[in-house]
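Input: a single structure, listed below in structure tokens.
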Number of protein chains: 2
Amino acid sequence: MVGAPKITLQWPGKALSRAPTGGRLTPAVCPDAPVTLIEGDNLVALEALQQDAAGFTLAYLDPPFFTGRSHHRVIRQRDPESGQISRSLGRGFDDHWESLEHYLSALAARISAVHALLTPQGCLVLHVDPKTSHYVKVLCDELFGPECFASEIVWRYRRWPSKQRNFQRVHDVLLRYVKDPKAEPRFQQLYEPLAPSTRATWGEGQQRAVVGADGRRVRSSTLEQPSRGVPLGDVWEIGIVAPVAKERTGYPTQKPEALLTRLIEACTLPGDRVLDPYAGSGTTLAVAARMGRPVVGIDENREALELCAARLRRQGLGVRRSRAVPRSLRQARPTSPARLTG
Amino acid sequence: MVGAPKITLQWPGKALSRAPTGGRLTPAVCPDAPVTLIEGDNLVALEALQQDAAGFTLAYLDPPFFTGRSHHRVIRQRDPESGQISRSLGRGFDDHWESLEHYLSALAARISAVHALLTPQGCLVLHVDPKTSHYVKVLCDELFGPECFASEIVWRYRRWPSKQRNFQRVHDVLLRYVKDPKAEPRFQQLYEPLAPSTRATWGEGQQRAVVGADGRRVRSSTLEQPSRGVPLGDVWEIGIVAPVAKERTGYPTQKPEALLTRLIEACTLPGDRVLDPYAGSGTTLAVAARMGRPVVGIDENREALELCAARLRRQGLGVRRSRAVPRSLRQARPTSPARLTG
DNA sequence: GCAGTTAATGAATCGCATG
DNA sequence: CCATGCGATTCATTAACTG
């Protein structure tokens, strides 16, 4: 924590430091493995990962959004004889909380643990919605320091319209924090196409300022050299995963691969390690692995991890499995031996 | 204040209630006047407005963004002989603050005063940037109650690129709160054009869901009737005021009329009263007046109010002027008689 | 008159020079 | 050494101008 701000969120019983879970990983994680899946409470796993020497360059956290609902997995199966598609519901994740206080306490513990795992060039990206983002941002300012705040990225999508007496919500928020604002950041500049109005006026060429004798800018001119486009901004228009898309897994709240591709491309180099403590259906894992970034995913839902493993297997990737065990359980329930899947 | 949340922002010396300024308006404001300009501290003016019986249906607040800079007005004049254009700097507004605490304290007092002035169907819209929006949102949740939060509107614009090792910021945030979530809200549904992908698949016709015998949606069909577009979402792509646009006043941080038009159209009906405590160059006033909404603007900068008055005069509108005077000054400096401008 | 071209400059951001 | 200032960067937008 660099500079703790004087303005903080307060609630009865707030405590950012907590008793360590004393978690262990069985077997230990190999930092160079292309993909590692850890089953268990992500707080236990994150604490256990502190024993690793190597840090992570990007941590992407996609926690529950405090919706107060249970989210189910849709399992679609085609009957081989009739050809009919049947749907059934599997376990997704539960997003019920006693209160916003409990939600934030749980999240703060994870963010804090992730902070300790980042390299100096590393960054954390928190995927939230506009109802919780503000509380989470104030919390992160306290945990990271406000000068570590890098961007509020707006993910703008389109969806089936619903009648309501309000502007329909069509965006999520991704908060990006860097571990150390004084370190040279990992950042690959990406570009997006020029605005239609700019193309109409200037064409595809780069613009150059022309400065007069008095030092003031007189006008601009167009170069022969084609522009690479405009530097990517913090509002991203990316389609949601279509209900019939090939990448669709049936897992609830699945994020599009295009979103993760962009994030990983901008914030890491090949070989940099990526972490996803809420792995879900494994979008981060699939994309990172494909892009040559070793990745560690954590989830407490075994069905979700099976889905991840199958998805990665389809990409022709081997998966290393591990299990996070808190101290209290370590003697009561001995873990099964390591398995190598795929 | 409906339901105070347990999670609040805390800082040393925080106090949301403060000694009343005992402000008075000279002359008193006439609720039916198409445009009223009040010169003085907006906190004093807002308190004085409480004596009005009629409330406001929309309050748009565009406070300083806590940038730590002074913003100047650019005054352009064409020399009638040479035809040359000369530029000089006038007073804009000062955005220096001792600390974020002071900034938030000042803002909280204004928000609180505005809250008291809203009709039950009314709403407040706070224009901020993504560095301060999160603190302001938590503050508003405390002042209005979290269930009064309606929307985080993202204003996405395009501007000149700058090299930086981060995603360039290309959005502002507008927080919308309703006074009473149980009251029937003022809300006119607006529409935006269909997405290109939708037009490609479905054309311009309206879509209707076709539901099967089991209650599940089977497919959609396209109607003859052309679609009005999709209901307006909470991400608005609107161009900034161009450097040479006719609506440009030279006042810093001027907001585009298109933004205010959309807001006023969605949140008010003709005849509803609109309030802008940070009037600046008078965009809200100009748009509201044109749309037949009586509007009250407050600013402490006399130059800004002159600009507002001139802008409204160009629209052929008369302006009623008033002055906000705090108790401490009421005897020391007697106010000049009312003036009718335009 | 209409379409295509030119002009002007911004709630920016970084880096280096200056106090 | 830290705060401040100014040059360089080069897209977006609409009014004014030109043919």
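From a predicted model like this one, the values you see are computed outputs, not experimental measurements. Numbers restart at 1 for each chain; the letters A, B, ... are given by sequence-line order, proteins then strands. What you see below is based on every heavy atom in this structure, not just the backbone, and it leaves out hydrogens, waters and symmetry mates.
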Within the structure shown, what part of the strands sits under 4.0 Å from [X] by heavy-atom distance: base, sugar-phosphate, or nothing?
X: B:R158; value: sugar-phosphate
X: A:P196; value: nothing
X: A:V230; value: sugar-phosphate

What is the ring orientation for B:F66 with B:Y103, classed by angle as parallel under 30°, tilted 30 to 60°, or perpendicular over 60°?
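The rings of B:F66 and B:Y103 sit tilted, inter-plane angle from 30° to 60°.
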
What class does the angle between the rings of A:F144 and A:H115 fall in, given that below 30° is parallel, 30 to 60° is tilted and above 60° is perpendicular?
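It falls in the perpendicular class, over 60°.
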
Rounded to whole angstrom units, what separation is found between the [atom1] atom of [X] and the [atom2] atom of [N]?
X: B:I240; N: D:dT14; atom1: CD1; atom2: C1'; answer: 11 Å
X: B:R248; N: C:dT9; atom1: CZ; atom2: P; answer: 10 Å
X: A:Q225; N: D:dT10; atom1: CD; atom2: C1'; answer: 12 Å
X: B:D94; N: C:dA11; atom1: CG; atom2: P; answer: 17 Å
X: A:Q207; N: D:dA12; atom1: CD; atom2: C1'; answer: 8 Å
X: B:I238; N: D:dA12; atom1: CD1; atom2: P; answer: 17 Å
X: A:E192; N: D:dC11; atom1: CD; atom2: C1'; answer: 11 Å

With sequence neighbours excluded, residues passing salt bridge (Lys or Arg N to Asp or Glu O under 4.0 Å) with A:R228
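Result, salt bridge (Lys or Arg N to Asp or Glu O under 4.0 Å) vs A:R228: none returned.
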
Partner set under salt bridge (Lys or Arg N to Asp or Glu O under 4.0 Å) for B:K14, not counting sequence neighbours
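Result, salt bridge (Lys or Arg N to Asp or Glu O under 4.0 Å) vs B:K14: B:E142.
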
Contacts to DNA chain C from residues 252-262 of chain B, heavy-atom cutoff under 4.0 Å, which residues?
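By residue number: B:T253, B:K255.
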
DNA chain D contacts among residues 197-205 of chain A, heavy-atom distance under 4.0 Å
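Heavy-atom cutoff 4.0 Å gives A:S197, A:T198, A:T201, A:W202.
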
Tell me which residues in residues 97-109 of chain B put a heavy atom below 4.0 Å from DNA chain D, sorted by number, or none.
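DNA chain D contact set from residues 97-109 of chain B: none.
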
Any donor-acceptor N/O pair, A:N166 side chain to B:A150 backbone, under 3.5 Å:
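Looks like yes, one N/O pair under 3.5 Å.
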
Looking at residues at least two apart in the chain, or sitting in another chain, which of them share a side-chain contact (heavy atoms from CB on, under 4.5 Å) with [X]?
X: A:A258; answer: A:I238
X: B:P252; answer: B:H71, B:R73, B:F93
X: A:L232; answer: A:L190, A:E192, A:W236, A:R262, B:F167
X: A:Q188; answer: A:L269

What I'd like to find out is whether the side chain of B:Y135 reaches to under 4.5 Å of the side chain of A:D141, using heavy atoms alone.
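They are in contact (side-chain heavy atoms under 4.5 Å apart), so the answer is yes.
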
Answer yes or no: is there a side-chain heavy-atom contact under 4.5 Å between B:P277 and B:V114?
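Of all side-chain heavy-atom pairs linking B:V114 with B:P277, at least one is under 4.5 Å.
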
Side-chain donor-acceptor pairs under 3.5 Å in residues 193-204 of chain A, sequence neighbours left out?
{"residue": "A:R199", "atom": "NH1", "partner": "A:L194", "partner atom": "O", "Å": "3.1"}
{"residue": "A:T201", "atom": "OG1", "partner": "A:S197", "partner atom": "O", "Å": "2.9"}

Considering only NZ, NE, NH1 and NH2 on the basic side and carboxylate oxygens on the acidic side, decide whether B:R110 and B:D41 come within less than 4.0 Å.
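Salt bridge flag = yes for B:D41 with B:R110.
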
Under 3.5 Å for both distances, Watson-Crick or G-U wobble, that's the pair rule; now give the dot-bracket for DNA chain C, with | marking pairs to another strand and [ ] for crossing ones.
.|||||||||.||||||||

N/O contacts under 3.5 Å, protein versus nucleotides 12-14 of chain C?
{"residue": "C:dA12", "atom": "OP1", "partner": "B:R69", "partner atom": "NH2", "Å": "2.8"}
{"residue": "C:dA12", "atom": "N9", "partner": "B:W160", "partner atom": "NE1", "Å": "3.1"}
{"residue": "C:dA12", "atom": "N7", "partner": "B:W160", "partner atom": "NE1", "Å": "3.3"}
{"residue": "C:dA12", "atom": "N3", "partner": "B:W160", "partner atom": "NE1", "Å": "3.4"}
{"residue": "C:dT13", "atom": "O4'", "partner": "B:S162", "partner atom": "OG", "Å": "3.0"}

Any cation-pi pair here, B:K131 with A:F149, using under 6.0 Å and within 45°?
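That pair does not qualify as a cation-pi contact.
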
